[in-house]
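What follows is a short report on a single structure.
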Amino acid sequence: MATWSAPGKVFLFGEHAVVYDRPGLAMAIKPRVQVTVRRHRRPAPAKSPYIAQCFREIGVTGSVYVSSQMPSSAGLGSSAAVTVATLAAANDEFELELGREEIAEIAHRVEKTVQKGRASATDTFVSTMGGLVLIMEGSRRRVPPVNLNLVIGNTQVSHSTSRMVELVAEQLRLRPGVVGPVMDAIGSLTLEGVRTLDDPRSLGRLMDINHALLDAIGVGHPSLSRLVLAARSAGAFGAKLTGAGGGGCMVALSPKSGKTRIAGAIDSAGGRAFITNLDTVGTRKENDA
Ligand code: MEV
């Protein structure tokens with residue numbers, strides 16, 4: 001039996017723009033998903049299509065127990081975390097000797113198959129490696145960690161990443177002269193954000209601008225606007241939607257002492273808040289459950 005965990009993620013900058021090769025900055029966050037894999041010749045069929053596909057990819061069979069506090073389908077990369085932790089636990093249980101890069105690659109393949117073509121390579125990479133990850137020029141690399149106090153607000157409005165990605169593609173097709181420069185501006189925000197990581201006040205301002213640009217290309221939602229405004233009024237340095245938008249989650253950057261107040265304001269505005277920060281460790285072995 002082997003138990004491994006993996007973190008979720010938020011985009012600090014650059015969601016949607018990364019799909020069009022602009023830079024983005026993503027960050028691994030708690031809570032972690034924990035998966036236990038045990039060798040089994042004839043296990044009960046896996047309930048999650050992601051887990052079933054993991055076993056198909058690596059050609060072994062086992063029984064699986066998942067424990068997760070992370071909201072699913074909220075843009076926090078929970079399916080990627082389950083996929084990565086399943087592969088890492090199976091790797092350990094069956095002594096497959098896969099490296100982290102291979103786990104990230106297989107996890108991306110698993111997500112693409114289950115999601116029928118489109119999957120975020122960022123989600124699986126960040127969940128495997130942890131830390132702050134700069135996506136740029138077709139590659140992903142970790143940048144030095146910083147301590148950011150974050151409050152996540154879940155609108156609990158369900159959304160579909162692929163539908164939001166399609167919607168942006170449509171906008172870009174209809175108005176390339178407008179939406180293209182918005183994508184460029186989001187890319188520039190990412191690069192400025194990376195240079196500003198040690199100045200939370202400026203970083204928050206950049207997040208506000210990124211939110212406005214995402215709204216402008218049509219991936220906002222009234223519930224996201226409500227939570228973003230509530231967080232800013234409660235003292236956040238900045239706040240933006242995170243992930244595909246159209247529902248899902250927002251993220252606020254908080255002063256060290258303001259997290260509880262901001263979380264309370266998000267809850268009062270109809271969201272579900274939780275306080276988090278950077279998870280520097282990617283997938284890791286846990287004591288067996
Ligand atoms: C979804 O979490 C982020 C998007 O940019 C899609 C992707 O990066 O693959 C919308």
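Numbering of ligands and ligand atoms starts at 1, following listing order. Excluded from the calculations below are hydrogen atoms, water molecules and symmetry mates; all remaining heavy atoms, backbone and side chain alike, are included.
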* Nearest non-hydrogen protein atom, atom 1 (C) of ligand 1 -> A244 N, 3.9 Å
* For S120, the ligand 1 atoms whose distance to one of its heavy atoms is below 4.0 Å -> 7 (C), 8 (O), 9 (O)
* Would you please say whether a donor-acceptor pair under 3.5 Å links the side chains of K256 and N147? => no
* Asked: If you measure from each non-hydrogen atom of R118 to ligand 1, which part falls under 4.0 Å: side chain, backbone, both or neither?
  -> side chain
* Under 4.0 Å to a heavy atom of G243 - the qualifying atoms of ligand 1, by number -> 2 (O)
* **Contacting atoms of ligand 1, where contact means under 4.0 angstrom from a heavy atom of V18** => 5 (O), 8 (O)
* **Stepwise side chain to side chain donor-acceptor pair (under 3.5 Å) test for Q115 and R118** => CA-CA 6 Å; Q115 291 163 202; R118 188 178 190 281; over 6 Å; no
* Is V157 linked to L167 within one hydrophobic cluster, defined over Ile, Leu, Val, Met, Phe, Trp and Tyr using a side-chain heavy-atom separation of less than 4.5 Å? -> no
* Can you establish whether the number of heavy atoms outside R141 located under 6.0 Å from its atom CZ is more than 12? => no
* Asked: Is the number of heavy atoms from other residues, nucleotides or ligands within 6.0 Å of CZ (R100) greater than 12?
  -> yes
* Which residue and heavy atom of the protein sit nearest atom 5 (O) of ligand 1, plus the separation -> H16 N, 2.8 Å
* Output the distance between atom CG (D123) and atom OG (S79), rounded to the nearest 0.5 Å. => 6.5 Å
* Could you check atom 2 (O) of ligand 1 against the protein and tell me its nearest heavy-atom contact, residue, atom and distance included? => K9 NZ, 3.4 Å
* Structure fact -> Among non-hydrogen protein atoms, atom 3 (C) of ligand 1 lies closest to F11 CE1, 3.5 Å
